[in-house]
Amino acid sequence: MGELDFSDKFLKSFGKGDVIFEEGSVGKHMYVIVSGSVNIVKKAGGGEAVVATLGKGELFGEMALVDSLPRSASAIAVGDDTSAVEIDHAQFAYLVGQQPAFALIILKALSLRLRDQMEINRGQGGQPKGSRP
């Protein structure tokens, strides 16, 4: 089975404004964007704030598969042409265990998100937990 076959089999399409998953929900899948873009949105002060806009080749939703905690944000399709490969927990575990390159991609994504959050915390005058002066 070729790469295209794998992608087509698990490819999900979304229209503008479609909610891919909601903050606080149980995470059963992660996604890799094939086309279009996705806003990552957090509830803030009675409203919502876009914390990131992701595009082709970027992944999202992996945190819930790693830590089994509720989703930390919502994911919403930006345009009518958004599509993503959907990976469930069993596929995720297989890929991490059998494909070191995939595991490194996940580690890099998590590391970048941690760095971004640390910068946000510094900008708010706080020191991230566990940080050293």
Side-chain angles (χ1 to χ4, degrees):
M1 178 169 12
E3 184 178 335
L4 182 59
D5 294 334
F6 177 82
S7 294
D8 285 346
K9 184 176 180 181
F10 300 101
L11 192 66
K12 302 292 180 187
S13 296
F14 304 98
K16 183 177 182 177
D18 284 353
V19 176
I20 300 167
F21 57 73
E22 291 188 43
E23 183 175 346
S25 65
V26 175
K28 296 181 180 180
H29 300 92
M30 66 164 284
Y31 301 84
V32 179
I33 301 170
V34 174
S35 65
S37 56
V38 173
N39 281 339
I40 304 301
V41 179
K42 286 198 60 75
K43 295 176 184 170
E48 294 183 333
V50 175
V51 296
T53 299
L54 307 176
K56 183 177 179 178
E58 294 187 278
L59 55 94
F60 62 98
E62 77 290 345
M63 289 172 54
L65 296 183
V66 171
D67 62 18
S68 300
L69 294 173
R71 300 279 191 192
S72 61
S74 297
I76 302 171
V78 175
D80 287 325
D81 62 342
T82 300
S83 61
V85 174
E86 183 179 71
I87 300 171
D88 68 20
H89 190 271
Q91 294 161 333
F92 175 80
Y94 173 82
L95 288 168
V96 168
Q98 299 298 317
Q99 299 293 326
F102 180 79
L104 288 173
I105 290 167
I106 298 299
L107 286 171
K108 182 177 180 181
L110 294 173
S111 175
L112 291 172
R113 290 196 178 105
L114 179 59
R115 285 181 186 272
D116 288 346
Q117 188 58 50
M118 290 173 67
E119 287 300 316
I120 290 168
N121 289 348
R122 283 190 192 108
Q124 295 173 348
Q127 287 275 341
K129 288 183 181 179
S131 68
R132 297 181 186 186

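What you see is a predicted model, and the numbers here were worked out from it, not measured in a lab.
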Pairwise side-chain contact, [X] with [Y], heavy-atom cut-off 4.5 Å (strictly under):
X    : Y    : value
V38  : F14  : no
I106 : M30  : yes
M63  : R113 : yes
V96  : V66  : no
F102 : Y94  : no

Are [Y] and [X] linked, directly or through intermediate hydrophobic residues, by side-chain heavy-atom contacts shorter than 4.5 Å (ILVMFWY only)?
X   : Y   : value
F92 : F60 : no
I20 : L65 : no
V78 : L11 : no
Y31 : V51 : yes

* Are any side-chain N or O atoms of N39 and backbone N or O atoms of V41, one a donor and one an acceptor, separated by less than 3.5 Å? -> no
About how many Å separate [atom2] of [Y] and [atom1] of [X], when rounded to the nearest 0.5 Å?
X    : Y    : atom1 : atom2 : result
Q91  : H29  : CD    : NE2   : 7.5 Å
L110 : L59  : CG    : CG    : 8.5 Å
I105 : Q99  : CD1   : CD    : 10.0 Å
L107 : L112 : CG    : CG    : 11.0 Å
E23  : I40  : CD    : CD1   : 11.0 Å
D81  : S37  : CG    : OG    : 7.5 Å

Nearest heavy-atom pair of [X] and [Y]: which atoms, and what distance?
X   : Y   : result
S72 : K42 : O-NZ, 2.5 Å
P70 : G24 : CB-O, 3.4 Å
G27 : A64 : CA-CB, 3.7 Å

* To do: Check salt bridge (Lys or Arg N to Asp or Glu O under 4.0 Å) between R71 and all other residues, then give those that pass, not counting sequence neighbours.
  => none
